[in-house]
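Written below as structure tokens is the structure these notes are about.
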Amino acid sequence: MDGGRALTIEQQRKILERGVEEILPAGELEPLLRIAQSENRPLRVKLGIDPTASDIHLGFAVVLRKLRQFQDLGHTACLVIGDFTASIGDPSGRSKTRPVLSRAEIERNVHSYEQQLYRILDPDRTEISYNGDWLAEMRFADVIQLASQYTAARMLERDDFAKRIEDQQPVYIHETLYPLCQGQDSVQIRADIELGGSDQKFNNLVGRDLQRNAGQRPQLVMLMPLLVGTDGVEKMSKSLDNYIGIDEPPEEQFGKAMSIPDEQIAAYLELATDAPPEEIEAARGAQNPMAAKTALAKRVAALYHGREAAERAAEHFASTVRRREAPDEMPELNAAPLIEDNGKNKGVWIVKLIAAAGFAESNSAARRLIQQGAVSIDGERITDANAHVSPADGAVLKAGKRRFARLVMK
RNA sequence: GGGAGGAUACUCAAGUGGUCAACGAGGGCAGACUGUAAAUCUGCUGGCGAAGCCUUCGGGGGUUCGAAUCCUCCUCCUCCCA
């Protein structure tokens with residue numbers, strides 16, 4: 001509890017409530033902090049992790065960063081890896097039944113997850129458990145006992161299920177067990193608080209009921225707003241490919257951040273960065289979204305790669321995108337083996353060159369790029385798909401705005 | 001157990017014998033423009049060294065000069081009644 005000693009309970013509460021969408025029951029955070037203090041023990045703050053994706057993105061980082069705040073105040077992060085529940089699939093926000101993951105996929109994801117988690121969390125105050133350790137051990141009688149604690153009506157009235165039923169989409173029995181499993185996790189690890197995205201409200205509240213039935217104090221539920229993806233519409237997620245990964249290179253993060261719609265700038269500043277409230281407020285009605293967005297993109301890159309890398313990413317963006325210059329560093333492509341000389345054709349066939357560079361998946365796709373005027377060598381546009389070229393060694397091949405390769409001709 | 005409906009490209013979704021490599025929308029890509037990889041507009045979006053050819057509409061078999069479209073069997077999916 002060393003971190004917490006310097007601050008009053010009131011101050012701690014303020015920090016912890018910042019950026020939070022909802023606390024259930026409202027107003028219970030401060031009393032809980034007092035209990036922890038008087039009992040002189042860290043709170044156990046639970047976060048369920050669904051290992052269905054292998055990349056942690058800014059959306060999930062919102063919750064992780066909140067968890068980190070708890071850690072900095074001396075509390076314990078209790079991560080529950082849903083290795084067992086991943087084989088069910090969280091129905092939250094889903095309009096369809098989820099595909100089931102294989103054991104191997106889950107293990108691969110978990111492994112990659114753990115490395116990324118500690119870019120945000122403090123490993124010394126983190127406890128990791130796998131819910132398969134207890135859920136897989138349950139006997140059928142235990143499952144019945146668990147299921148007997150909730151009614152079908154309450155389960156089916158939740159939004160996701162109700163909508164599906166109305167749309168004549170299937171709802172499977174095992175999906176209704178998902179919230180119960182997650183609630184059982186809370187019982188198992190004796191969570192004081194459960195963090196989650198706002199779409200986790202129902203699941204987290206089930207945990208309260210189960211804990212109460214088990215004679216525990218029901219966990220406080222803390223819900224964070226969902227970060228919208230770079231498309232500006234859907235929730236950020238890997239499957240929609242609208243995410244910014246915390247492990248991505250700074251240039252990628254910067255560029256992706258620049259591609260969010262202007263209206264999302266303030267939300268991103270608030271949820272995904274440490275920007276002070278004044279800056280967030282200023283960004284809300286900004287006259288110059290470009291400047292605000294650039295500042296945001298820098299903050300994001302700096303958070304995961306440091307200030308210097310963020311500055312470089314900004315410069316990279318300005319030169320490649322705004323001034324359309326070739327970047328300093330780009331992959332090399334040895335084009336020498338592609339050179340032909342058979343009387344009919346002399347040089348490298350441009351279509352093959354594009355395909356070899358990996359800029360197109362097929363020759364047909366390469367032809368399209370060429371015909372659309374996307375391809376150039378050393379700034380000279382090539383629009384004839386039958387063209388053969390003899391570029392100088394070190395010439396720059398470009399396809400579209402962002403794909404570059406330096407040609408090696410010997 | 002009984003009845004009804006469905007499976008089309010990345011997704012949704014038209015098409016019910018030739019004019020179908022398959023309408024449309026979303027997504028993606030590209031170009032123009034710009035303040036950005038935003039917005040907007042336009043184009044492209046199965047493969048092949050490509051005026052032509054090849055493969056595709058859940059799977060197999062069949063009818064036909066010709067099938068995504070008709071028949072048949074199979075697989076899978078959904079809904080309604082009980």
Side-chain angles (χ1 to χ4, degrees), chain A residues 94-100 164-172 175 228-234 237-244 248-269 283 286-301 313-325 327 338-376 381-389 398-404:
Chain A
R94 288 277 160 166
S95 52
K96 290 180 181 172
T97 305
R98 271 203 183 186
V100 172
R164 269 155 68 173
I165 289 167
E166 194 179 327
D167 292 346
Q168 306 208 314
Q169 292 294 314
V171 174
Y172 290 88
E175 294 182 90
V228 171
T230 52
D231 58 6
V233 183
E234 304 279 354
S237 78
K238 170 130 182 169
S239 53
L240 291 171
D241 196 25
N242 62 358
Y243 71 100
I244 302 176
E248 291 187 88
E251 291 80 13
E252 269 316 287
Q253 294 181 331
F254 190 97
K256 285 186 176 182
M258 290 303 284
S259 79
I260 67 169
D262 292 349
E263 313 82 67
Q264 292 295 334
I265 296 173
Y268 267 67
L269 278 174
Q287 297 299 310
N288 187 350
M290 180 60 191
K293 209 185 274 185
T294 305
L296 161 68
K298 264 191 214 174
R299 278 190 176 280
V300 169
E315 180 44 42
H316 175 267
F317 184 85
S319 70
T320 59
V321 177
R322 210 177 314 174
R323 299 196 296 271
R324 302 200 178 176
E325 297 164 354
L338 298 174
I339 297 173
E340 302 169 56
D341 187 3
N342 53 19
K344 190 167 165 230
N345 300 320
K346 227 172 154 52
V348 179
W349 184 30
I350 188 66
V351 167
K352 272 276 179 280
L353 192 57
I354 295 296
F359 295 165
E361 285 182 358
S362 64
N363 286 6
S364 295
R367 277 170 190 277
R368 270 178 238 127
L369 283 175
I370 295 160
Q371 280 155 9
Q372 287 174 139
V375 176
S376 67
R381 186 175 283 187
I382 295 163
T383 52
D384 176 9
N386 293 313
H388 284 70
V389 295
K398 183 184 177 200
K401 291 186 182 70
R402 312 168 51 193
R403 287 166 294 185
F404 296 89

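A, B, ... follow the sequence lines: proteins, then strands. Residue 1 opens every chain. Bear in mind that the values here come from a model prediction, so they are computed numbers and not experimental data. For the numbers below, each heavy atom of this structure counts, side chains included, while hydrogens, waters and symmetry mates do not.
- When the nearest nucleotides of RNA chain B are assigned to A:D241 and A:R322 by heavy-atom distance, the more 5′-ward of the two goes with A:D241.
- Here the CD1-CG distance, from A:I354 to A:N363, works out to 11.0 Å after rounding to the nearest 0.5 Å.
- Separation of atoms NE2 (A:H316) and CD (A:E325) is listed at 11.0 Å; rounding is to 0.5 Å.
- If you take CH2 of A:W349 and C1' of B:C48, they are 9 Å apart, rounded to a whole angstrom.
- Nucleotide B:C79 has B:G3 as its partner under the Watson-Crick or G-U criteria, with both atom distances under 3.5 Å.
- The distance from atom CG of A:N242 to atom C1' of B:U11 is 15 Å, rounded to the nearest whole Å.
- Between atom CD1 of residue A:I350 and atom CG of residue A:L338 there is a gap of 10.5 Å, rounded to the nearest 0.5 Å.
- Rounded to the nearest 0.5 Å, atoms CD (A:Q264) and CG (A:L269) are 11.0 Å apart.
- Of the candidates B:A38, B:U45, B:C29, B:U45 carries the atom nearest the A:R368 side chain, counting heavy atoms from C-beta on.
- B:A37 sits 48 Å from B:G60 when the C1' atoms are compared, rounded to a whole Å.
- Residue contacts for A:N345: at a heavy-atom cut-off of 4.0 Å it reaches a base atom on one of the strands shown.
- Distances shorter than 4.0 Å separate none of the side-chain N or O atoms of A:R402 from OP1 or OP2 on B:A37.
- For B:A30, the paired nucleotide is B:U42, the pair qualifying as Watson-Crick or G-U wobble because both relevant distances are below 3.5 Å.
- Scanning atom types as modelled, one donor and one acceptor separated by under 3.5 angstrom connect the side chain of A:Q372 and the base of B:G43.
- Counting all heavy atoms, side chain and backbone alike, A:P261 lies closest to A:D231 at CG-O, 4.0 Å.
- Between B:G35 and B:A39, the two C1' atoms lie 10 Å apart (nearest whole Å).
- Taking atom CD1 of residue A:I382 and atom P of nucleotide B:A30, one finds them 17 Å apart after rounding to whole Å.
- For the pair A:K352 and A:E340, the salt-bridge criterion is not met [side-chain N within less than 4.0 Å of a carboxylate O].
- Using N1 to N3 plus N6-O4 or O6-N4 for Watson-Crick, or N1-O2 and O6-N3 for G-U wobble, each under 3.5 Å, B:A9 pairs with nothing.
- Between A:F254 and A:F317, the two ring planes are tilted [angle within 30° to 60°].
- For A:R324 against B:U36, a side-chain-to-base donor-acceptor contact under 3.5 Å is absent.
- For A:K352, the side-chain atoms get nearest to B:G49 when compared with the rest of B:G31, B:G49, B:U45.
- Heavy atoms of A:H316 sit nowhere under 4.0 angstrom from any nucleic acid atom.
- Residue-to-nucleotide contacts include a donor-acceptor pair under 3.5 Å from the side chain of A:D262 to the base of B:G35.
- Rounded to whole Å, the distance from CD on A:E263 to P on B:A38 is 13 Å.
- Rounded to a whole angstrom, the distance from the P atom of B:G26 to that of B:C65 is 43 Å.
- The side chain of A:K293 has B:U36 as its nearest neighbour among B:A37, B:U36, B:A30.
- With hydrogens and angles left out, the side chain of A:E340 and the base of B:G49 share a donor-acceptor pair within 3.5 Å.
- For the pair A:K398 and A:F359, the cation-pi test (distance below 6.0 Å, angle within 45°) is failed.
- As a whole-Å value, the separation of A:E248 CD from B:A37 C1' is 13 Å.
- One interatomic measurement links the two molecules: CG of A:D231 to P of B:G27, which rounds to 9 Å at whole-angstrom precision.
- The gap from the P atom of B:C71 to that of B:C79 amounts to 26 Å, rounded to the nearest Å.
- Counting only heavy atoms from C-beta on, A:L369 has its side chain closest to B:C29 among B:G35, B:A37, B:C29.
- B:A50 sits 31 Å from B:U64 when the C1' atoms are compared, rounded to a whole Å.
- Between B:U56 and B:G47, the two C1' atoms lie 10 Å apart (nearest whole Å).
- Distance CD/A:Q253 to CD/A:E248: 6.0 Å, rounded to 0.5 Å.
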Polar-atom pairs under 3.5 Å, protein N or O versus N or O of nucleotides 20-26 of chain B: list them with distances, or write none.
none

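- For the pair A:R323 CZ and B:A37 P, the interatomic distance rounds to 13 Å; values are reported in whole Å.
- The side-chain contact (heavy atoms from CB on, under 4.5 Å) search around A:A365 returns A:A360, A:S362, A:R368, not counting sequence neighbours.
- Regarding contacts with the backbone of B:G31, a side-chain N or O of A:K401 is found under 4.0 angstrom from either OP1 or OP2.
- As rounded to whole Å, 15 Å separates atom P of B:U36 from atom NZ of A:K298.
- Across all strands shown, B:G47 is found opposite B:C53 as a Watson-Crick or G-U wobble partner, with both distances under 3.5 Å.
- The minimum heavy-atom distance between A:W349 and A:N386, with the atom names listed, is NE1-CA, 3.8 Å.
- For the contact set between residues 358-367 of chain A and RNA chain B, defined by any heavy atom under 4.0 Å, the members are A:S362, A:N363, A:S364, A:R367.
- Across B:C29, B:U36, B:U45, the shortest atom-to-atom separation from the side chain of A:R403 is found for B:C29.
- By the 4.0 Å N-to-carboxylate-O rule, A:E252 lies close enough to A:R402 to be salt-bridged with it.
- For the pair A:T320 and A:K401, the minimum side-chain heavy-atom distance is 4.5 Å or more.
- Nucleic acid contact for A:G373: sugar-phosphate only, since backbone atoms but no base atoms lie under 4.0 Å from a heavy atom of the residue.
- Separating the C1' atom of B:G59 from that of B:U8 is a span of 15 Å, rounded to the nearest Å.
- Using a 4.0 Å heavy-atom criterion, one finds that A:Q264 contacts no nucleic acid atom at all.
- Nearest nucleotide to the side chain of A:M290, out of B:A37, B:G31, B:G35: B:G35.
- Atom C1' of B:C29 sits at a distance of 16 Å from the matching atom of B:G46, rounded to the whole Å.
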